[in-house]
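Written below as structure tokens is the structure these notes are about.
All ligand and atom numbering here is 1-based and tracks the order in the structure.
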Amino acid sequence: MTTTENLKFIHSQLPAKVKLVAVSKTKSVDQIMEAYQTGQRLFGENKVQELIGKWQQLPKDIEWHYIGHLQSNKVKQIVPFVSFIHGVDSYKLLATINKEAEKCNHVIPVLLEFHIAEEESKFGLSLEEAEQILSMPEIESLKNITISGVMGMATFTDDQNMIKSEFELLQHIFQSLKNRFFSNCEQFREISMGMSDDYPIAVAAGSTIVRIGSKIFGSR
Ligand SMILES: *Cc1c(COP(=O)(O)O)cnc(C)c1O
């Protein structure tokens, strides 16, 4: 199957309101252009240098989603052009993104990353940690970010029920933060979950953004 055929198939499975981020990490500019020619405009990368190189070479109407773990000292390199940052899991990073976005007069949508998988990971918040961050008075002053929702990754497993319950947990976290902190904030509306092997389960659990790489471009 070609990239074009893969994209067509995935779009046929996704409800119209679910956004597809084509995860192009490790893939060439030519492969990205093939997807671009079919109309795909949202692409995801997880390495700062690779993202900068591709942004420089590719059409400027691409919306780049940063989906990796971002170090504070690299924020300023991507903030001038990135459309969306998934996977923010500390106040420090929120504040750094805000500061750099202010310098270039941008407002960057960000998603809070949650640790929903069974696997050990040093990344991702718990609901309690997120509530603590969102309760800080300083949050109000971050005018150059928009906290737009949540992001998470399920355990790498064949156990479909386990994946389903992890995605449902993320949906529950989203709803509880929405009720407590964002009930009047229309922009807090995204749930970024679902990758090549589990996106149908994620969509059934309420995903609004899926991040799909190998099912589009082939294995890495
Ligand atoms: C690589 C990656 C994806 C896409 O993974 P596939 O299994 O190739 O679809 C999605 N999200 C994140 C955060 C990733 O790093």
message: Is there a polar contact, in the sense of an N or O pair closer than 3.5 Å, between R220 and ligand 1?
response: yes

Rounded distance [0.5 Å steps], CD in E119 versus OG1 in T155: 4.5 Å

query: Is the shortest distance from a heavy atom of K25 to ligand 1 less than 4.0 Å?
result: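 True for this residue.
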
- prompt: Below 4.0 Å from any atom of ligand 1, is there a heavy atom belonging to H86?
  reply: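 No, that is not the case, since the closest heavy atom of the residue is not under 4.0 Å from the ligand.
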
Top protein contact for [atom], by heavy-atom distance:
{"atom": "atom 10 (C) of ligand 1", "answer": "M195 SD, 3.4 Å"}
{"atom": "atom 13 (C) of ligand 1", "answer": "I67 O, 3.5 Å"}
{"atom": "atom 6 (P) of ligand 1", "answer": "S196 OG, 3.4 Å"}

With distance as the sole criterion, is a donor-acceptor pair present between the side chains of [X] and [Y] under 3.5 Å?
{"X": "S135", "Y": "Q132", "result": "no"}
{"X": "R189", "Y": "T208", "result": "no"}
{"X": "Q13", "Y": "Y199", "result": "yes"}

Check ligand 1 against [X] and write out every atom of the ligand that is under 4.0 Å from a heavy-atom position of the residue.
{"X": "R211", "value": "4 (C), 9 (O), 10 (C), 11 (N), 12 (C), 13 (C)"}
{"X": "G213", "value": "4 (C), 6 (P), 8 (O), 9 (O)"}
{"X": "I212", "value": "9 (O)"}

- request: Given side-chain contact (heavy atoms from CB on, under 4.5 Å), test T3 with I216 step by step and report yes or no.
  value: CA-CA 5 Å; T3 295; I216 297 173; 3.9 Å; yes

- prompt: Once the angle between the rings of W64 and F43 is folded into 0 to 90°, is it parallel (under 30°), tilted (30 to 60°) or perpendicular (over 60°)?
  reply: tilted

SB check E5 K8 (cutoff 4.0 Å): no

